[in-house]
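Scroll down for the structure; my scribbles are underneath it.
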Amino acid sequence: MPKRMLHRLPVEAYTELDWFEREQEAIFSRTWSYAGFAEDVSEPGAYVSLRAGLNEIFVVMGRDRRLRAFHNICRHRGTRLLRAVGNAQKAITCPYHDWTYDLEGHLVSVPAEQREFGEVDKSCLGLKPASVDLWRGMLFVHPSPDAGSIMEWFGEIEPHLGPHDVDELVEYPDGRASYEIKANWKIVVENYIDVYHLAHLHSGTLAMYDHARAEYGFVGPHYAFWEPLSADYAADIERNAPMPLILPPGQLGAWVPMLFPGIGLAESETSWSTYTITPLAPDLTRVENRTRVKNASDWAFGRQAWRSAGFWKGAITAKYDAGEDGDPLTSGDFTAEDVLACERQQQALRSPYFEVGPASRGEGPVLEHQEVVLRYLEGRT
Amino acid sequence: MKDFHELVVAAVREEIPGVARTVVFDVPVALRATFGWQAGQHVTLRFRIGGEEVRRSYSISSSADAGDPLRITVKRVEGGLVSNHVNDSIEPGARVDVMAPFGGFVLEPEPRGRRTCYLIGAGSGITPLYAMLRTILVAEPWSAVHLLYGNRNADSILFLGELSRLEEAYRNRLTVRHVLSRPEWGSPCWRKGRIDAEAIEAWIAENPPYAQDAQYFVCGPGEMNRTVISALTSIDVPTRRIHMESYGGSTDVEDTVAGVAAVAEIVLGGRRTDVPVAADQTLLAAARAAGMEPPFSCEAGVCGACRAELVKGTVHMRSKAALTDDDLADGSVLTCQSVATSARVGVRYCP
Ligand code: FES
Ligand code: FES
Ligand SMILES: [Fe+2]
């Protein structure tokens, strides 16, 4: 029986635990991971902790306002030190036996040291450092202390991203979402970079962009995508934009890159969003969204919504008119449409009769992303 | 020992009329390799003034990485022999003996790196920092620079015009903040007073590092340096990120006094070791030759790392740039610069 392929990768790459674990090791433990927005850790003592592939890492700001990243494991017996988010002013104490570290990661105290150990050479029991940096308003961590500069990783793709001054934009709290998709993370990525589906699955929901004039391609492991506004949306953009514009009139459009691995951005004329993809299991993936918009008053947002209401009334339609209640294809919400497509595709992989047809030109990026994954798994990077 | 080479002065420019002058040297092709330099290094000049041979080291105030010509900027020091000579008598076409650039206070460009460089200086201390600033802006496209520069008033700011032009040209990557102790109305003054702990904290809070590889370069008089270092370390800046050089106008080098062979009683970490010292050997070199591990860094008398207390005998210090008058009065010596002048000497490294 021939090996069942989803284009460049075997179907097992999307269903088997063994592939999942190899990816965790070879991809997610060896690249820069998104760790939130810069403002999540913006005061001395503030920290966040997260998982980056197989690693548990925390990022804390020192009193010099520089970020430090460490592996979130006590050097005594490995207990995780910090949870979620919080504030550690000067020291970090392990809950298990109260070993205490300073914000440079040095082990500074061991309770009952004399009685229990005689003496402990604290100088070689500091927390293991990781790398951290800020880029485009986002925090990134890398498990290795010698990761090199983050620009060696993102420098080449940066010119292909939007002209947004991300640090000038502010978070729009309602734009925050976190949800699970019952599909492999690569299916979620492939959906994001599939140019062919835009005019079909999203025929009613993304019509304000001119998909036929999209420009896209890979730069190293990262994918860049740009498309202009559709003619009728652009014609009176000052009026039609649903929120205050964040780009000058000569530079409008949507930049929708997918940075490797699984760090999607959606940079448009009115908003700037992250779409970060975290594999949870071979067939389960978490997606988190956060959004930034112009730093303007509620009044300015309200006025723009009101001015553009007429345009949007006709511009967004559901793919299908009628259906059961809660059918994503009648919702008029392009995210719901995407989730549905991903999950239905994942389900099909179980069928012994599954076999893919030809890939279109607009699915070229899907094949290329599969090649990138293969490259990492085979150590060709 | 490196040799002197005769260089021709290509141009001079009044940096601050009557106060400071920039001297640009022409480096012939044959000497280009010898006279290559890293931002932050200095050159030693040799003059004969009134029949006396005098040497002074001046920081190079330009960046080879940015393609600048070799130049120094010399501010008059009251009663200063060489600084006034340079300001009064050096004209284009003059020939000056110059030793190849050297010095360990350097900023090595990392073209693929991405850093936040904090430059903190006062008075003439700007000269090496200015070279570093140029290097970062030109040779590290992803790095940013914040300069905190202390002076008496607007009239004593070196490179004022160049700095504001650069700030304009590199808006996203350079900030310049002036601290003036006697500002006049309308001065470009971010903060009045001196560069002290409060100023440093306010400045860093206002300009937190975006690129997280933060490095701190400090160059001013010994007293400012100590204030800055203690301000930085008190907010937990790791010392390996701090680079510093003392600058009191020019560094006086006095290497004409010969030492004598001696025995040095050296107390390090509470333990005393008696160490033989050769006539031309520094106490630091003698201690290290005897297998001890005393602290040191620049070995040029500018960083103060090798400082110890003289508790017995006498020494001659070739340079004492890193020490203030108070330090000297307290009996502090720089062991990297000290040769013995009595048969027995004793020094104690501060715990
Ligand atoms: S495991 Fe952390 S103190 Fe024992
Ligand atoms: S080692 Fe720097 S002053 Fe002696
Ligand atoms: Fe989609």
Side-chain angles (χ1 to χ4, degrees), chain A residues 32 35 37-39 41-46 59-70 88-92 101-106 108 126 129-142 145-159 163 165-168, chain B residues 107-120 136-137 139-146 148 170-173 175 197-218 228-243 269 293:
Chain A
W32 287 91
F37 278 7
E39 57 266 38
V41 189
S42 58
E43 284 302 321
V59 175
V60 62
M61 180 177 276
R63 284 184 296 160
D64 57 3
R65 295 180 182 263
R66 195 172 50 81
L67 300 169
R68 291 108 163 108
F70 296 102
Q89 261 306 325
K90 291 196 87 166
I92 297 155
Y101 304 86
D102 68 16
L103 296 192
E104 288 303 308
H106 301 127
V108 290
S131 295
V132 56
D133 216 334
L134 291 177
W135 178 69
R136 243 178 145 67
M138 295 174 279
L139 283 165
F140 285 89
V141 297
H142 192 295
D146 306 312
S149 94
I150 196 164
M151 295 311 284
E152 291 180 50
W153 182 241
F154 288 133
E156 250 91 88
I157 187 77
E158 192 166 49
D165 188 346
V166 181
D167 296 300
E168 290 297 308
Chain B
L107 184 142
E108 280 180 67
E110 293 175 7
R112 307 271 304 158
R114 181 177 183 248
R115 319 191 261 185
T116 303
C117 294
Y118 289 99
L119 311 181
I120 306 159
I136 301 159
L137 292 178
E140 291 189 22
W142 295 321
S143 295
V145 195
H146 301 290
L148 185 67
Y170 294 90
R171 230 179 277 187
N172 299 322
R173 297 177 48 212
T175 68
E198 259 175 58
I200 296 279
E201 274 184 54
W203 177 59
I204 290 177
E206 211 173 277
N207 304 283
Y210 199 84
Q212 296 301 309
D213 180 359
Q215 302 288 337
Y216 306 78
F217 293 86
V218 186
V228 170
I229 306 282
S230 84
L232 291 177
T233 49
S234 79
I235 54 169
D236 298 334
V237 173
T239 49
R240 73 192 147 79
R241 293 184 178 275
I242 306 176
H243 317 273
E293 290 181 353

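Labels below follow one simple rule: chain letters A, B, ... track the order of the sequence lines, proteins then strands, and each chain is numbered from 1. Quantities reported herein were computed from a predicted structural model and do not represent experimental measurements.
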Just by distance, which donor-acceptor pairs between chain B and chain A come in under 3.5 Å?
| from | atom 1 | to | atom 2 | distance (Å) |
| --- | --- | --- | --- | --- |
| R112(B) | O | S149(A) | OG | 2.7 |
| R114(B) | NH1 | D133(A) | OD1 | 3.1 |
| R114(B) | NH1 | D133(A) | OD2 | 3.3 |
| R114(B) | NH1 | L134(A) | O | 2.6 |
| R114(B) | NH2 | L134(A) | O | 2.8 |
| Y210(B) | OH | G137(A) | N | 2.8 |
| Y210(B) | OH | D167(A) | OD1 | 3.0 |
| Y210(B) | OH | D167(A) | OD2 | 3.1 |
| Q212(B) | N | D133(A) | OD1 | 3.0 |
| Q212(B) | OE1 | L67(A) | N | 2.7 |
| S234(B) | O | R63(A) | NH1 | 3.4 |
| S234(B) | O | R63(A) | NH2 | 3.1 |
| I235(B) | O | D64(A) | N | 3.1 |
| D236(B) | O | R68(A) | NH2 | 2.9 |
| D236(B) | OD1 | R63(A) | NH2 | 3.2 |
| D236(B) | OD2 | R63(A) | NE | 3.3 |
| D236(B) | OD2 | R63(A) | NH2 | 3.2 |

Return the option, out of [options], with the maximum number of heavy-atom pairs under 4.5 Å with chain A.
{"options": "P208(B), G113(B), P209(B)", "result": "P209(B)"}
{"options": "A205(B), A214(B), A211(B)", "result": "A205(B)"}
{"options": "I204(B), V237(B), I200(B)", "result": "V237(B)"}

